[in-house]
Amino acid sequence: MAKAVHIQDIAEYVGQEVTLQGWLYNRTDKGKLQFLQVRDGTGFIQCVVFQKEVPEEVFAATARLTQESSLIVTGVVRQDSRAPGVPGGYELSVSDLKVVQIADEYPIQPKEHGVDFLLDNRHLWIRSRKQWAVLRVRATVIRAIRDWLDDHGFINMDTPILTPAACEGTTTLFATDYFGEPAYLSQSGQLYNEANIYAFGRVYCFGPTFRAEKSKTRRHLTEFWMVEPEIAFCDLDQLMEIEEQFVSYIVQTCLRERKHELALLERDTRMLEKVEPPFPRISYDEALEILARIREETEDEELRELLQIEWGDDFGSPHETELTKRFEKPVFVYGYPTRAKAFYMEPWPGRPEVCKSVDLLAPEGYGEITGGSERISDPDLLVERLKEWGLPRQAFEWYIDLRRYGSVPHSGFGLGVERTVAWICGIDHLREAISFPRTLKRVYP
RNA sequence: UCCUCGGUAGCUCAAUAGGUAGAGCGGCCGGCUGUUAACCGGUUGGUUGCAGGUUCGAGUCCUGCCCGAGGAGCCA
């Protein structure tokens, strides 16, 4: 048998006979000539079967292939600009074909389908080109995340998924039974990472997090992946520098390594190419001024209503969308009102109503992709905050301890993987940025 | 939790004013040597989300329920 190769490497084998193992994606039967679109997980390629060039039984078997039948096909690689695929421009002149299995009638056709149907068939939908491309980009995003952090002195320190208490209220936590006691699925590894930095300096955790929010929007999943770096001896400005380098590296890596997939997704990459440090930084107060100006200038009554905001409120998605429209790059918004954010955030010097927090908003309407802050390092202030937020002190004793034994200024942030993938891919719903999405109304398949 | 929209063939949809449920795609049969979601001819395919009501007659009108989607709030 000829050498078994992957479609993604096909350009290296022009003129040679190779074997591909894969599945039939689609085909066109022209009578004595058949075009097979074959995918093997690494790409898509057109295989051309001429009646005259293959044994009779091979041609007959080819004619019986149904969509998604598994097969092993051998032929000579030819360069041909007419050939579709990923990467396009190459096709296989088939000399032999072995059927592994004739697939049953496949429910997903190469045409428009409804969301409900596709999600019910998510286990099959991931084979479709667009879904395949998005999930390949996702894998690259994840690798870029790890590479950048590992190369910049961060050590991977994963944090527990089963946790005893909330860092923000329990209404958004999934409860489980832990041998008769309640335990909750983690929403964040941050508090544990604050312990980890005192052992390792710079750390990150990376894993799934769970939010039982009743959010039914394109920007929400109940299970999503988050990377959370945490850094000792780091203030808010230094945090923003780290974030902009980190996010730029992720985007540039995808542009470099996932050209074909982004092209397949018809992603206009011009905006992504601009994603390089430094990113613009505006304060919460400046953001409010910009929003006020937009409200004055707009003719759109509905928009004016949506953009209504009082000092002290957090932004909703309409605010984020309008703000980011004014910038070509991701934009940092820092210095949020203390009461709109979590209990552990360091107050702004001289302005206790403001905290040293920062969100990074992606352009093109994609909104918040990271949220972070400098953390409170003074034990007395932390205790005071726990009291103000009505949190049980005994559950946080260990966390207060961190401020008693060598406390230092420290900061960290969380980056949502699916939001980042959705932004880079230019897709409009998070559910396509993970292989098996968990949403408010769906845990199947 | 609230607001909006939707549920008809395997899929995507249509069905005038309440009057015989239809088309394309897919499947199956046949034809075609350059197709790009091919094309051409034939054929197959229905508990109209569920329950009740009005009516001579309900996919269509009324009531209740179920399911899904988009958005708000909340958040990454």
Side-chain angles (χ1 to χ4, degrees), chain A residues 25-37 44-53 59 63-64 66-68 78 80-85 88 91 93 103-121 124-125 128-130 168-169 171-172 187-188 190 208-228 302 305-306 308 313-321 340-342 359-362 366-372 413-423 428-431 433-434 439-442 444:
Chain A
Y25 191 67
N26 197 13
R27 69 158 171 181
T28 309
D29 188 336
K30 293 276 297 173
K32 296 190 173 81
L33 170 64
Q34 296 183 58
F35 296 98
L36 310 179
Q37 310 303 329
F44 294 73
I45 194 166
Q46 173 159 281
C47 300
V48 185
V49 190
F50 278 99
Q51 189 168 27
K52 275 192 216 163
E53 294 175 4
F59 193 79
R64 281 196 304 274
T66 54
Q67 191 184 352
E68 287 302 317
R78 216 167 41 199
D80 190 319
S81 59
R82 293 171 296 183
E91 61 183 24
S93 288
D104 284 355
E105 189 181 331
Y106 190 66
I108 299 178
Q109 300 171 34
K111 69 164 203 172
E112 295 292 324
H113 291 287
V115 173
D116 193 34
F117 172 77
L118 288 171
L119 286 173
D120 280 342
N121 289 286
L124 305 176
W125 189 22
S128 298
R129 294 215 294 190
K130 192 175 162 193
E168 294 134 42
T171 52
T172 63
Q187 289 194 321
S188 164
Q190 180 206 316
T209 56
F210 306 88
R211 307 262 166 112
E213 288 158 7
K214 303 258 180 177
S215 300
K216 239 176 72 169
T217 80
R218 66 183 68 198
R219 294 169 197 237
H220 292 87
L221 298 170
T222 54
E223 177 181 317
F224 65 96
W225 283 64
M226 186 159 69
V227 59
E228 293 178 277
E302 206 175 323
E305 187 66 29
L306 277 172
Q308 164 76 40
D313 295 342
D314 207 347
F315 299 128
S317 55
H319 305 106
E320 289 181 0
T321 303
K341 291 289 179 182
D359 286 354
L360 182 64
L361 310 181
Y366 282 93
E368 187 177 349
I369 52 169
T370 80
F413 67 96
L415 173 131
V417 169
E418 289 76 16
R419 286 190 181 176
T420 305
V421 171
W423 165 45
D428 64 6
H429 204 300
L430 250 44
R431 64 184 164 222
I434 185 166
T439 60
L440 184 58
K441 295 288 182 183
R442 194 175 283 279
Y444 176 92

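Throughout, protein chains are lettered first and strands after them, A, B, ... in sequence-line order, and every chain is numbered starting at 1.
Every residue two or more places apart in sequence or in another chain that forms a side-chain hydrogen bond (donor to acceptor under 3.5 Å, both in side chains) with A:K341 is listed here: A:D359. Residues satisfying the ring pair (Phe, Tyr, Trp, His ring centres under 6.0 Å) criterion with A:H113, sequence neighbours excluded, are A:F117. Taking the side-chain hydrogen bond (donor to acceptor under 3.5 Å, both in side chains) definition, one finds that A:T222 meets it with nothing, sequence neighbours left out. Under the side-chain hydrogen bond (donor to acceptor under 3.5 Å, both in side chains) criterion, A:E91 pairs with A:Q46, A:R78, not counting sequence neighbours. For the ring pair (Phe, Tyr, Trp, His ring centres under 6.0 Å) test, residues two or more places apart in sequence or in another chain that qualify with A:Y25 are A:F44. Residues satisfying the side chain to side chain contact (heavy atoms under 4.5 Å, CB included) criterion with A:A63, sequence neighbours excluded, are A:Q34. Taking the side chain to side chain contact (heavy atoms under 4.5 Å, CB included) definition, one finds that A:Q308 meets it with A:R295, A:E310, sequence neighbours left out. Every residue meeting the side chain to side chain contact (heavy atoms under 4.5 Å, CB included) condition with A:K214, not counting sequence neighbours, appears here in chain and number order: A:L440.
Residue pairs meeting the salt bridge (charged side-chain N to carboxylate O under 4.0 Å, His left out) criterion with at least one member in residues 112-121 of chain A, sequence neighbours excluded, are A:D116-A:R442, A:D120-A:R442.
Using a distance-only test at 3.5 Å, with no hydrogens or angles considered, a donor-acceptor pair links the side chain of A:T217 to the main chain of A:R219. No donor-acceptor pair under 3.5 Å is formed between the side chain of A:R419 and the backbone N or O of A:Y366.
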What pairs of nitrogen or oxygen atoms, one from the protein and one from nucleotides 26-29 of chain B, lie under 3.5 Å apart?
unit_1	atom_1	unit_2	atom_2	d
B:rG26	O4'	A:Q109	OE1	3.2
B:rG26	O4'	A:Q109	NE2	3.3

Short N/O separations, protein against nucleotides 34-36 of chain B, under 3.5 angstrom:
unit_1	atom_1	unit_2	atom_2	d
B:rG34	O2'	A:R82	NH1	3.4
B:rG34	O6	A:R78	NH2	3.1
B:rG34	N1	A:E91	OE2	3.0
B:rG34	N2	A:Q46	NE2	3.2
B:rG34	N2	A:E91	OE1	2.8
B:rU35	O2'	A:T28	OG1	3.1
B:rU35	N3	A:Q46	OE1	2.8
B:rU35	N3	A:Q46	NE2	3.3
B:rU35	O4	A:Q46	NE2	2.7
B:rU35	O4	A:R82	O	3.4
B:rU36	N3	A:R82	O	3.1

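Scanning atom types as modelled, no donor and acceptor separated by under 3.5 angstrom connect the side chain of A:S215 and the base of B:rC75. For A:H113 against B:rC11, a side-chain-to-base donor-acceptor contact under 3.5 Å is absent. With hydrogens and angles ignored, a donor-acceptor pair under 3.5 angstrom links the side chain of A:R419 to the base of B:rC75.
Considering only side-chain N and O atoms, A:N26 lies under 4.0 angstrom from the phosphate OP1 or OP2 of B:rA38. Side-chain nitrogen and oxygen atoms of A:T172 include none within less than 4.0 Å of the OP1 or OP2 phosphate oxygen of B:rC75.
Among the nucleotides B:rA76, B:rA69, B:rG73, the one closest to any side-chain atom of A:E368 is B:rA76.
Comparing the same atom, C1', in B:rA76 and in B:rG7 gives a spacing of 33 Å after rounding to whole Å.
In secondary-structure terms, RNA chain B builds stems of at least 3 consecutive Watson-Crick or G-U pairs, each pair having both distances under 3.5 Å, at B:1-7 with B:66-72, B:10-13 with B:22-25, B:27-31 with B:39-43, B:49-53 with B:61-65.
Within 4.0 Å of A:K111, counting heavy atoms only, lies at least one base atom of the nucleic acid. Across all strands, A:G114 comes closer than 4.0 Å only to sugar-phosphate atoms, never to a base (heavy-atom distances).
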